[in-house]
Amino acid sequence: MSAELAVRDVDDAATRAALEVTWAPPRGVLGLLGTVNHKVVAIRYIVSAFVFFALAGVLALVMRAQLAYPEARLVGPDLYNQIFTVHGSTMMFLFAVPVMEAMGLYLVPLMVGTRNVAFPRLNAFGFWIYLIGGALLWAAFLLNVGPDAGWFAYVPLAGPDQAPGKRIDVWAQMITFTELAALVGAVELVVTTLKLRAPGMSLNRVPLFVWAMLVTAFMVIFAMPAIMVASTMLAMDRLVDTHFFNVAEGGDALLWQHLFWFFGHPEVYIIFIPATGFVSTIVQTFARRPIVGYPAMVLSLIATGFLGFGLWVHHMFATGLPSLGESFFTAASMLIAIPTGVQIFCWLATLRSGRVLVRAPLLYVLAFVATFVLGGLSGVMVASAPLDLQLHDTFFVVAHLHYVLIGGSVFPLLGALHYWLPKMSGRMPSEGLGRLTVAILFVGFQLTFFPMHQLGLAGMPRRVYTYLPETGWGPLNALSSVGAALLGVAVLLFVANVAWTLRRGARAEDDPWGADTLEWSTTSPPPAYNFVHIPVVESRHPLWTHPSPRVVTGLRIDVREVLVTDAIDAVPDHRHMLDGPTLYPFLTAMAAGIGIITAIFTPWGITVGVVLTLPPLIGWFWPAGEAIAGTTREKA
């Protein structure tokens, strides 16, 4: 086939059949363990993340049952410490970041008009390494060696003197697994977005969700190394007697907090920014008009990404830092509300000026806006150093954290899953069940977390497993526990809706919501190759302005070939052949996993990991015949 790319309207049944053969998923063990299809890998991420979410939710219900009344004896202090640590670690490292990246890994290639992510085998490796890390944490918890120093593992509490045994070592190595997976996903999103966009999709035509995932991916690349370095230093302090955080030997305990929160606060926005992409997409679709202020929205995303790295010290106001330094971080903490406020006003303006179609995904968005605004207001409060000193380590902070994380991410995430479920499954979810879920979720959330503000103001500290009747905290804790039960009911209803959709939902059209982005131009669910022909993008809203777009022809259909375009204007540059299914990413992840887990018990684990990982890596990168046949750099 000619290397010259022609542009014309075409839909060739023979081409479709040939692509089915070329991109067909393998069967048997290779299909199960070796697939590199971005949609399959992303759905595995999403399902795994929601399994961890459910497990962490069970732990949350146990904690609320324990705190529902004074002097409860449901669990003891040691188990409670493990429970709140594993709950927080699971939600932050095994659910929130992975599920947001997974949504991007599924949707970004479809939205930018390409057939897979840039490095398919690396993508598969990222999933397996993430799954091993999650399994490590939960296996340790079930064996009563779960970490017990909080999801932030502050030293010296997490150091070798205060935390003997292997509990904190498990946490540190879990961080290695999950952050490695996050970095893999970030690299995939950056390269796919910048180099595999359909012709004509210049940067000023990129969908807002893709912009959100691009900003998120860059934040991951700059933030995650800090926690990986910190967790490695902690592991070395514990395993090989270094003294990075040992004050008695010249170390610095505050160094841990600086390294951790330099990652930890950007992570809040790594979770939140994809949610804003969900909201922008849903609002635009159901308002039936382009989003108001597209340039302002993009600049707000970028500004949030930059400012998110300048706030970490507001978690450390109680550590005795210089007052002048604290004042700068107070100002930065208030400043970051501006780009978020710009986005909220743009969403409201879009709804106000559009012809709104009220459906369940939009109700999730409205619940998000109400909840997140409340969380943002409490965030401005604790950004003030004097007030933060009073509220530090109280339930007020617990309330704020959940308002901005659950309100700022889970509401939009569930709305996004309801919105894109027809594309993923080919079936329509239940509208009535979706509306009921939103209502119960919203009421349950407010009942659970709003009383915690008052509990914090009344002096109830975080991370206590019981309290005395004389404190007067019992009624509000009981109300909060009732709300947690309602949250559990809402999650079960959402799962029931998904299960009903997969079994009995009405068949979905290619674009059942009347949306404007490219993922709705292909079938529901999409084929393994996504598009028969790569579309040509001629506007910011291709399906509204060009329902039958021109397409690119000339790509080979007998190999997994994609079109590479330039980063700014998406002008075709060359053709590139992607790697196919293989077991090597799985084998590499298993070998690396054995080495990292062995390192919990002996430094020789690093050597073991290197030796075991070398053979599958050689197989992974050994050049195949097609890869050196001269097809990867043919000019368009």
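The figures that follow rest on heavy atoms only: side chains count, while hydrogens, waters and symmetry mates do not.
If you check the side chains of Gln446 and Thr371, you find a donor sitting under 3.5 Å from an acceptor. Side chains of Thr35 and Asn37: no donor on one and acceptor on the other come within 3.5 Å. A donor atom on one side chain and an acceptor atom on the other are found under 3.5 Å apart for Ser353 and Arg289.
Residues forming a ring pair (Phe, Tyr, Trp, His ring centres under 6.0 Å) with Tyr45 (at least two apart in sequence, or on another chain): Phe127, Tyr130. Taking Phe209 as the reference, Phe278, Trp420 meet the ring pair (Phe, Tyr, Trp, His ring centres under 6.0 Å) condition, with sequence neighbours excluded. With sequence neighbours excluded, no residue forms a ring pair (Phe, Tyr, Trp, His ring centres under 6.0 Å) with Phe494. For Tyr403, the ring pair (Phe, Tyr, Trp, His ring centres under 6.0 Å) criterion is met by Phe445, His453, not counting sequence neighbours.
Ring geometry for Phe286 against Trp513 counts as perpendicular: the plane angle is over 60°, on a 0 to 90° scale with 30° as the lower cut.
Taking each heavy atom of Leu203 and Trp211 in turn, the nearest pair found is O-NE1, 3.3 Å. For Arg550 against Glu538, the heavy-atom pair with the smallest separation is NE-OE2, 3.3 Å. Residues Leu563 and Pro572 share a closest heavy-atom pair of CD1-CB, 4.1 Å.
Under the 4.5 Å side-chain criterion, counting only non-hydrogen atoms from C-beta, Leu94 is in contact with Trp138. Val41 has its side chain out of reach of Leu105: every pair of non-hydrogen atoms, C-beta onward, lies at least 4.5 Å apart.
The residue from Phe411, Trp347, Phe442 that alone fulfils the ring-ring contact (aromatic ring centres under 6.0 Å, His included) condition with Phe368 is Trp347.
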Inset, instruction - Would you please test Phe449 and Ile406 for side chain to side chain contact (heavy atoms under 4.5 Å, CB included) and show each step? - result: CA-CA 10 Å; Phe449 297 107; Ile406 295 182; 3.9 Å; yes
Inset, instruction - Apply ring pair (Phe, Tyr, Trp, His ring centres under 6.0 Å) to Phe95 and Phe50, showing your working. - result: CA-CA 7 Å; Phe95 171 68; Phe50 268 92; 5.4 Å; yes
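Residue pairs meeting the salt bridge (charged side-chain N to carboxylate O under 4.0 Å, His left out) criterion with at least one partner in residues 428-445, sequence neighbours excluded, are Glu431-Arg435. For the side chain to side chain donor-acceptor pair (under 3.5 Å) condition, the pairs that include at least one residue of residues 20-31, sequence neighbours left out, are Glu20-Tyr529.
Under the 6.0 Å cut-off for aromatic ring centres, Trp620 and Phe119 do not qualify, their centroids lying 6.0 Å or more apart.
Between atom OG of residue Ser430 and atom NE2 of residue His418 there is a gap of 7.5 Å, rounded to the nearest 0.5 Å.
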